[in-house]
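The next block holds one structure in the form of structure tokens; read it before the comments.
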Number of protein chains: 2
Amino acid sequence: MICNQIITNLAKHISLNKEECELVSSRFRIVQVKRKKMLMQEGQISRDVAFVISGCLRSYSVDENGFEHILQFAPVDWWITDMYSFISQKPAFLNVEAITDSEVALLSRTDQLNLFDQVPKLERYFRILTENSLVSSRQRLIDNMSLTAKQRYSNFCNTYPSIINDIPQKLIASYIDVTPEFLSKMRGELLRSKK
Amino acid sequence: MICNQIITNLAKHISLNKEECELVSSRFRIVQVKRKKMLMQEGQISRDVAFVISGCLRSYSVDENGFEHILQFAPVDWWITDMYSFISQKPAFLNVEAITDSEVALLSRTDQLNLFDQVPKLERYFRILTENSLVSSRQRLIDNMSLTAKQRYSNFCNTYPSIINDIPQKLIASYIDVTPEFLSKMRGELLRSKK
DNA sequence: ACAGTTGATTGATCTGTTTCATGGTTACTG
DNA sequence: CAGTAACCATGAAACAGATCAATCAACTGT
């Protein structure tokens with residue numbers, strides 16, 4: 001069975017013929033992940049990369065004081081995994097968890113690498129995808145270094161208007177690197193200044 | 001003329017035959033960059049990606065208060081550019097400057113994309129390179145969110161032991177996201193605690 | 001319908017890091 | 001080889017954001 005959603009997404013950067021579509025599709029495994037359930041865990045090897053068919057997930061690390069830091073949100077049509085573990089096949093430092101009930105399509109690193117040989121255009125797709133992810137990751141790094149908490153929050157609201165009201169505030173706090181208390185205070189201040 | 005240093009580097013991930021080596025090499029242009037001279041500038045399009053043959057460069061952004069934030073150091077054998085501008089061919093947000101007199105090999109985006117069609121293995125090389133860069137960029141993001149300034153500094157010393165004594169302290173401060181004054185204080189404290 | 005957990009708000013206090021100011025070195029450059 | 005610029009060290013004061021604690025609201029499973 002072909003998952004149209006993935007094929008449509010691949011089509012944004014490459015065009016595959018029928019056989020290629022089928023070959024690629026055949027390597028994906030569809031999995032359901034209930035809210036708050038882990039898809040991947042720190043210490044284990046992330047054998048797969050996940051494409052989000054429905055729902056929303058997050059990847060995060062836990063620091064030595066037990067605080068969580070969110071690296072990525074993955075709404076519909078995004079890819080998520082512990083990239084370090086996925087490419088090295090060594091134990092992961094990140095956790096990947098469903099924020100809402102979700103459905104994902106999994107592709108193992110082994111299958112991915114084999115597909116790169118069989119369908120070189122797929123390697124191009126992931127090359128482009130990774131280039132774009134690198135640009136956003138670096139941009140976020142610069143934002144974290146240059147902007148105040150308030151600026152990072154308003155940035156976030158502009159970048160993710162879709163999920164802003166669907167997820168707990170404390171997850172947003174963890175993404176923009178402030179405490180939930182401080183985010184609450186910033187929001188209070190913003191409201192008061194607008195009224 | 002073939003630049004052996006680049007070919008050796010490519011060989012870490014892919015193997016090219018003689019013709020492929022020559023084809024790839026023919027697309028690079030060798031350029032000298034004097035200390036403190038800019039290779040790329042904010043607002044201009046970064047048409048090229050640079051491979052460092054000798055010397056050391058840095059990429060950085062300037063925030064609205066005029067403060068510099070270093071995104072990357074590029075010692076010998078590293079690649080550097082404003083990735084956003086390079087892949088989109090839109091005006092750059094970053095500056096790339098030589099820290100010491102340097103020699104670099106430039107490859108334009110156009111030539112790179114053409115080479116990807118002619119030598120698919122080269123696309124693999126850059127796919128792997130970009131994957132690795134993404135992992136380090138994300139790791140640095142997490143470090144910036146989880147670690148104290150002192151931990152980030154000692155991290156830096158372990159990661160870049162080679163350049164630690166060759167570059168001004170204020171550049172290190174700008175990379176680990178503290179003021180030069182505070183880095184100086186941390187170093188003073190570390191010295192005192194060791195003696 | 002209820003107890004128990006989880007998330008948001010708010011206030012008082014605390015801390016790591018910045019800012020500003022000063023003086024001392026080192027190192028280019030004419 | 002003097003002059004000036006860039007770099008580094010150190011101290012006092014200020015601040016952004018964290019921590020701690022208390023209260024309230026909103027889900028959760030039963």
Side-chain angles (χ1 to χ4, degrees), chain A residues 34-38 56 58 60 62-70 73 97-101 143-157 163-195, chain B residues 34-37 56 58 60 62-70 97-101 143-157 163-195:
Chain A
K34 281 269 172 237
R35 189 170 109 91
K36 301 218 175 174
K37 291 292 174 214
M38 295 277 201
C56 184
R58 66 179 175 124
Y60 64 95
V62 181
D63 70 23
E64 58 184 4
N65 304 312
F67 290 104
E68 295 181 0
H69 301 276
I70 296 185
F73 289 112
E97 188 201 78
I99 298 179
T100 63
D101 291 353
D143 287 349
N144 274 250
M145 299 200 289
S146 333
L147 305 178
T148 64
K150 213 175 288 180
Q151 290 171 317
R152 293 200 302 277
Y153 176 60
S154 93
N155 246 221
F156 184 89
C157 295
I163 58 174
I164 198 87
N165 293 313
D166 298 350
I167 68 173
Q169 215 165 280
K170 62 173 211 162
L171 294 187
I172 299 172
S174 156
Y175 184 91
I176 64 173
D177 195 24
V178 293
T179 56
E181 291 93 333
F182 191 64
L183 175 55
S184 172
K185 280 165 200 173
M186 288 195 296
R187 285 168 50 91
E189 220 184 295
L190 283 178
L191 275 184
R192 246 166 281 129
S193 74
K194 279 187 183 164
K195 260 299 166 69
Chain B
K34 282 269 172 233
R35 189 170 109 90
K36 302 219 172 173
K37 291 293 174 211
C56 184
R58 67 180 175 125
Y60 64 95
V62 181
D63 70 24
E64 58 184 3
N65 303 312
F67 291 104
E68 296 181 1
H69 301 276
I70 296 185
E97 188 202 78
I99 298 178
T100 63
D101 290 354
D143 287 350
N144 275 230
M145 298 199 288
S146 331
L147 305 179
T148 64
K150 214 176 288 180
Q151 291 172 317
R152 293 201 302 277
Y153 176 59
S154 93
N155 246 221
F156 183 89
C157 294
I163 58 175
I164 198 87
N165 294 312
D166 297 350
I167 68 174
Q169 218 164 278
K170 62 173 210 164
L171 295 187
I172 299 172
S174 155
Y175 184 91
I176 63 173
D177 195 24
V178 294
T179 56
E181 292 93 333
F182 191 63
L183 175 55
S184 173
K185 280 166 203 174
M186 289 196 294
R187 284 168 49 91
E189 222 184 294
L190 283 177
L191 276 185
R192 246 167 282 127
S193 73
K194 279 187 183 163
K195 258 302 165 67

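The shown structure was predicted, so the numbers you read here are calculated from the model rather than taken from an experiment. Residue numbers start from 1 in every chain, and the chains themselves are labelled A, B, ... in the order their sequence lines are given, proteins ahead of strands.
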Whole-Å gap separating C1' (dA6(D)) and CD (E68(B)): 14 Å
Side chain to side chain contact (heavy atoms under 4.5 Å, CB included) partners of N65(A), counting only residues at least two apart: D63(A), F67(A)
Pairwise distance CD1(I167(B)) to SG(C56(B)) - rounded to 0.5 angstrom: 6.5 Å
Atom pair distance, as rounded to whole Å: OH in Y153(A) and C1' in dG17(D): 17 Å
Rounded interatomic separation in angstrom, taking CG from L191(A) and P from dT10(C): 9 Å
Per-nucleotide protein contact string for nucleotides 22-30 of chain C (B base, S sugar-phosphate only, - none; heavy atom under 4.0 Å): ---------
Integer-rounded Å distance: dA8(C) C1' and I172(A) CD1: 12 Å
C157(A) to I164(A) - nearest heavy-atom pair and separation: SG-CD1, 3.6 Å
Nearest-0.5 Å distance, CG of residue L171(A) to CD1 of residue I99(A): 5.5 Å
So which protein N/O to nucleotides 14-17 of chain C N/O distances come out below 3.5 Å?
from	atom 1	to	atom 2	distance (Å)
dT17(C)	OP1	A149(B)	N	3.2

Interatomic distance where CZ belongs to R187(A) and P belongs to dG7(C) [whole Å]: 15 Å
Audit row: N144(A), N144(B), side-chain contact (heavy atoms from CB on, under 4.5 Å) steps and yes/no: CA-CA 8 Å; N144(A) 274 250; N144(B) 275 230; 5.6 Å; no
Any S184(B) side-chain heavy atom under 4.5 Å of Q169(B) side chain: yes
Selection from dT19(D), dC8(D), dA8(C) that lies nearest to any side-chain heavy atom of P168(B): dC8(D)
Spacing of D166(B) atom CG relative to dC7(D) atom P, expressed in whole Å: 15 Å
Side chain to side chain contact (heavy atoms under 4.5 Å, CB included) against K34(B), all qualifying residues, sequence neighbours excluded: K37(B), D101(B)
I163(B) CD1 to Y175(B) OH distance, which is reported to the nearest 0.5 Å: 8.5 Å
Nearest non-hydrogen partners of I70(A) and Y60(A), listed with the distance: CA-CB, 3.8 Å
Whole-Å gap separating P (dA18(D)) and CG (L183(A)): 10 Å
Length of the CD-C1' vector between E189(A) and dC15(D), whole Å: 14 Å
Pair assignment for DNA chain D - dot-bracket with | for other-strand partners, Watson-Crick or G-U under 3.5 Å: ||.||||.||||||||||||||||||||||
Side chain to side chain donor-acceptor pair (under 3.5 Å) partners of E68(A), counting only residues at least two apart: R58(A)
Restricting to nitrogen or oxygen on both sides, can you table the protein-nucleotides 11-14 of chain D pairs closer than 3.5 Å?
from	atom 1	to	atom 2	distance (Å)
dG11(D)	O6	K185(B)	NZ	3.2
dA12(D)	N6	K185(B)	NZ	3.1

Residues 145-155 of chain A side chain polar contacts: donor-acceptor under 3.5 Å, at least two apart:
from	atom 1	to	atom 2	distance (Å)
S146(A)	OG	I142(A)	O	2.6
T148(A)	OG1	Q151(A)	N	3.3
T148(A)	OG1	Q151(A)	OE1	3.4
K150(A)	NZ	E189(A)	OE2	3.0
Q151(A)	OE1	T148(A)	N	2.9
Q151(A)	NE2	E64(B)	OE2	2.9
R152(A)	NE	I176(A)	O	2.8
R152(A)	NH1	L147(A)	O	3.0
R152(A)	NH2	I176(A)	O	3.1
R152(A)	NH2	D177(A)	O	3.4
Y153(A)	OH	R187(A)	NH1	3.0

